[in-house]
Amino acid sequence: MVEQILAILAPKPGEIAVDCTLGYGGHARALLPGLVPGGKYLGLDQDLIELPRTETRLRAEGFGPELLTVWRCNFAGLGAALARFGISAADIVLADLGVSSMQLDNPARGFSHKQAGPLDMRMNPSRGRPASAFLQAIGSVELAQVLEANADEPFARQLADALAGRLFETTRALATRILDVLSSVPRAEAELSLRRTFQALRIAVNDEFSALDALLRQLPACLKPGGRVAIVSFHSGEDRRVKKAFAAGLRGGLYSAVSTEVVRATPAEQYANPRSGSAKLRWAIRGGVGA
């Protein structure tokens, strides 16, 4: 959704932009040139494995430290990151939620049922416990709640009874068990549940909803009057939070305008990148003097 994001955020020379989820750097490549001359781009990401690689790529493309600063942190710490670098507020904030393609495609990270690897799923492998330990420690009632809240899973109770308190060391072991449990369900429907279960576990392991709530609370104070924010979500639970926070901010005068409808990837982009089909983009503009 690079074109839509670029049109919404409209970077200008001298502005300060914060990318809360630097990822592979695709959005950064599109936004950085618009800030020249005099602008600053702060790229945040909690992934200690991929972040150095992304920084190396962006530096090699000519984005030097006078323009681009890279810092490892979860976007829940947006306010603290701004303070660390002496930024009172930003003109642009971008957050592209969820897991990145490079994380999905790395079997060692354990995010995808399509890749054989350890059942990990941590965005920051140095913190927290992997999904295998999460499943082994959780009870069936709590796991059913996780599957319902994080993925709207219709077979939550059935799956929870079969998965909770058990050790699944690999992605394939978990995927096989899920499909076995749903063997009486049409295959296409069972595979949807497989994807939803992996999604629900990833959200729980990384406490993603709490981090998003923290980001949304901080956003107005982190934006200059007239500042623009764009958030891309991939799950209804995320989108509901963003929509609710933006609407409340509009009513309270914190935002002068918010998106009334979800912005989606174009058919051409969805064809080229099937993962973009579930992306939901919402935006807001900070109210106040100069807005």
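Source: prediction; values computed, not measured. In what follows, residues are counted from 1 in the order of the sequence shown.
Taking both residues in full, the closest heavy atoms of G25 and L58 are given as O-CD2, 4.2 Å, listed atom of the first, atom of the second, then distance. Between E148 and A156, the shortest heavy-atom distance links the atoms CG-CB, 3.4 Å. A28 approaches L22 most closely through the heavy-atom pair CB-CD1, 3.8 Å.
L48 contributes atom CG, which lies 12.5 Å from atom CE of M123 (distance to the nearest 0.5 angstrom). To the nearest 0.5 Å, atoms OG (S126) and CD1 (I49) are separated by 9.0 Å. A distance of 13.0 Å separates CD in E189 from CZ in R187, rounded to the nearest 0.5 Å. Rounding to the nearest 0.5 angstrom, the gap separating the CG atom in D120 from the CZ atom in R109 is 7.5 Å. Taking CG from L135 and CZ from F168, the interatomic distance works out to 7.0 Å, rounded to the nearest 0.5 Å.
For the side-chain hydrogen bond (donor to acceptor under 3.5 Å, both in side chains) test, residues two or more places apart in sequence or in another chain that qualify with R53 are E50.
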What pairs of donor and acceptor atoms, side-chain ones from residues 173-186 against any protein atom, are under 3.5 angstrom apart with sequence neighbours left out?
{"unit_1": "T176", "atom_1": "OG1", "unit_2": "R172", "atom_2": "O", "d": "2.8"}
{"unit_1": "S183", "atom_1": "OG", "unit_2": "D180", "atom_2": "O", "d": "3.1"}

When the side chains of residues 69-90 are checked against the rest of the protein, which donor-acceptor pairs come out under 3.5 Å, sequence neighbours left out?
{"unit_1": "N74", "atom_1": "OD1", "unit_2": "A76", "atom_2": "N", "d": "2.7"}
{"unit_1": "N74", "atom_1": "ND2", "unit_2": "Q46", "atom_2": "OE1", "d": "3.2"}

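For the pair R57 and Y24, the cation-pi criterion (under 6.0 Å, within 45° of the ring axis) is fulfilled.
Less than 6.0 angstrom separates the ring centroid of H235 from the ring centroid of F209. Residues F246 and Y255 bring their aromatic ring centres within 6.0 Å.
One hydrophobic cluster holds both V263 and I285 under the rule that ILVMFWY side chains link at heavy-atom gaps under 4.5 Å. Residues L51 and L32 share a single hydrophobic cluster, defined by chaining ILVMFWY side chains whose heavy atoms lie under 4.5 Å apart.
Looking at heavy atoms from C-beta onward, N106 lies out of side-chain contact with F111 at the 4.5 angstrom threshold. Contact annotation: the side chain of L143 approaches that of L201 to within less than 4.5 Å [non-hydrogen atoms, C-beta and beyond]. L94 places none of its side-chain heavy atoms less than 4.5 Å from the side chain of I231. Counting heavy atoms from C-beta outward, V262 and R282 have side chains that approach closer than 4.5 Å. Counting only heavy atoms from C-beta outward, the side chains of K12 and L35 never approach each other to under 4.5 Å. You'll find the side chain of E169 stays beyond 4.5 Å of the side chain of S132, heavy atoms only.
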(request) Report the C-alpha distance between D45 and T54 in whole Å, list the side-chain angles of each, state the deciding distance to 0.1 Å, and finish with yes or no for side chain to side chain contact (heavy atoms under 4.5 Å, CB included). (result) CA-CA 10 Å; D45 205 293; T54 297; over 6 Å; no

(message) Between S236 and D152, is the side chain to side chain donor-acceptor pair (under 3.5 Å) condition met? List the steps.
(response) CA-CA 9 Å; S236 58; D152 302 319; 2.8 Å; yes

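Between D213 and R241 there is a salt bridge, with a side-chain nitrogen of the basic residue lying less than 4.0 Å from a carboxylate oxygen of the acidic one. Under a 4.0 Å N-O distance rule, the pair R202/E208 qualifies as a salt bridge.
In this structure, E61 places its CD atom where more than 12 heavy-atom neighbours from other residues, nucleotides or ligands lie under 6.0 Å away.
Under 3.5 Å, the side chains of S193 and E153 contain a donor-acceptor pair of N or O atoms. Judged purely by distance below 3.5 Å, without hydrogens or angles, the side chains of D105 and Q115 never pair a donor atom with an acceptor atom.
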